[in-house]
Amino acid sequence: MRISLLIALLVGAARMFAQTKDAGLWMDVGFSQEMGDRFELTVSPEIRLDENLTRWSRLFADASLEYKYNKNISFSAAYRGGVGNDGIHVDGRHRVQYGLALKEKKGDWTLQYQSRVQFALNAAWSDADVDFNTTWRNRVTVKYGGLKKTDLATAYEIFNSVSAYQELAMTNWRWTAQVARKINKKQSVALGYLIQRDLTESPQHLDFVFLLSYKVEL
């Protein structure tokens, strides 16, 4: 019994230390334009730093179109294109994404569920690059809007494989916390923090990322 307990403790300790950690910074600027009563077009260039903020790792832009079916249901389609840098090679990264979002608001609180299917468009990507791989993403977000000009939000997202070899196996998870502040009716800025883990690598990769975002409604 004691030997079994000792083995379990050693295995748990090995798993705890068998991971790599990295600090990063993701910065984006978003420009959105309403097109009629139901459609909204958004373009968002973004740069990401990794290796403890000493190297740029991703440089890309998103273009997305959202259709608001009603105040609780919306659909979206998005394209992301750019380049990735692994410290040795710089190569192109491309993906498309289709999503469904459900939202419920009660007073100052908003609960949102978003499900997205994502497809990689080129073979020059890393298996660890979950933002460009073919995957199924599901995210739950809770937002509090009871403060003047300020919104607080937290979200948890899981990523599942859609390949024939790992059908629906969970490959990554991501947690974020964010504070958004309105500058005026058309502009806002947000600060956040993100933790994500890649479950497919050995040792598992753990990222701690600062988020900085600036939004403009045209």
Side-chain angles (χ1 to χ4, degrees), residues 24 26-36 38-50 56-70 72-86 89-103 112-141 155-174 176 190 192 194 196-201 205 207 209 211 213-218:
W26 298 357
M27 298 176 289
D28 74 273
V29 178
F31 303 93
S32 63
Q33 174 69 59
E34 290 188 354
M35 303 173 65
R38 295 182 180 271
F39 288 93
E40 184 175 20
L41 177 66
T42 302
V43 176
S44 303
E46 182 171 333
I47 183 172
R48 295 182 177 181
L49 308 180
D50 65 358
W56 73 269
S57 63
R58 302 290 181 269
L59 181 62
F60 57 83
D62 287 332
S64 63
L65 183 65
E66 181 183 24
Y67 171 70
K68 300 175 184 178
Y69 179 74
N70 56 36
N72 301 112
I73 303 173
S74 62
F75 302 92
S76 63
Y79 166 77
R80 172 176 291 184
V83 291
N85 173 27
D86 63 5
H89 304 101
V90 175
D91 52 41
R93 307 289 172 97
H94 305 275
R95 77 171 196 205
V96 292
Q97 195 178 83
Y98 305 98
L100 163 69
L102 307 176
K103 182 173 65 175
Q112 183 182 50
Y113 165 70
Q114 187 176 36
S115 182
R116 294 173 289 178
V117 179
Q118 176 178 298
F119 300 96
L121 294 182
N122 63 325
W125 73 86
S126 165
D127 289 338
D129 193 348
V130 69
D131 281 305
F132 283 93
N133 281 351
T134 297
T135 188
W136 180 29
R137 310 172 60 158
N138 290 277
R139 181 173 66 190
V140 175
T141 304
Y156 183 75
E157 184 172 18
I158 62 172
F159 300 75
N160 295 87
S161 172
V162 293
S163 71
Y165 303 101
Q166 290 183 312
E167 187 174 1
L168 299 183
M170 183 175 172
T171 60
N172 301 73
W173 61 258
R174 177 180 291 175
T176 60
L194 176 151
Q196 67 177 5
R197 171 169 284 182
D198 180 4
L199 306 176
T200 63
E201 290 191 329
H205 194 77
D207 293 313
V209 182
L211 307 173
S213 181
Y214 176 67
K215 304 295 183 184
V216 179
E217 296 180 17
L218 302 176

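Note that the CZ atom of Arg58 and the CG atom of Asp86 stand 8.0 Å from one another [nearest 0.5 Å]. Residue Tyr214 holds its OH atom at 7.5 Å from CZ of Phe31, rounded to the nearest 0.5 Å. Atom-to-atom distance recorded for Glu40:CD and Gln33:CD is 8.5 Å, nearest 0.5 angstrom. For the atom pair CG of Leu218 and CD of Glu34, the computed distance is 10.5 Å after rounding to the nearest 0.5 Å. From Trp56, atom CH2 reaches atom CG of Asn85 across 4.5 Å, with rounding to the nearest 0.5 Å.
Side-chain atoms of Arg38 come within 3.5 Å of backbone N or O of Lys68 as a donor-acceptor pair. Of the possible polar contacts, none joining the Ser32 side chain to the Leu41 backbone as a donor-acceptor pair under 3.5 Å is found. Side-chain atoms of Thr134 come within 3.5 Å of backbone N or O of Ala120 as a donor-acceptor pair.
Looking at residues two or more places apart in sequence or on another chain, you find a salt bridge (Lys or Arg N to Asp or Glu O under 4.0 Å) between Arg48 and Glu46, Asp131. With sequence neighbours left out, Lys215 forms a salt bridge (Lys or Arg N to Asp or Glu O under 4.0 Å) with Asp28. In this structure Glu157 satisfies the salt bridge (Lys or Arg N to Asp or Glu O under 4.0 Å) test together with Arg116, Arg137, sequence neighbours excluded.
For the residue pair Glu66 / Ser74, a side-chain donor-acceptor distance below 3.5 Å is found, with atom types taken as modelled. A donor-acceptor pair shorter than 3.5 Å cannot be found between the side chains of Ser213 and Trp26.
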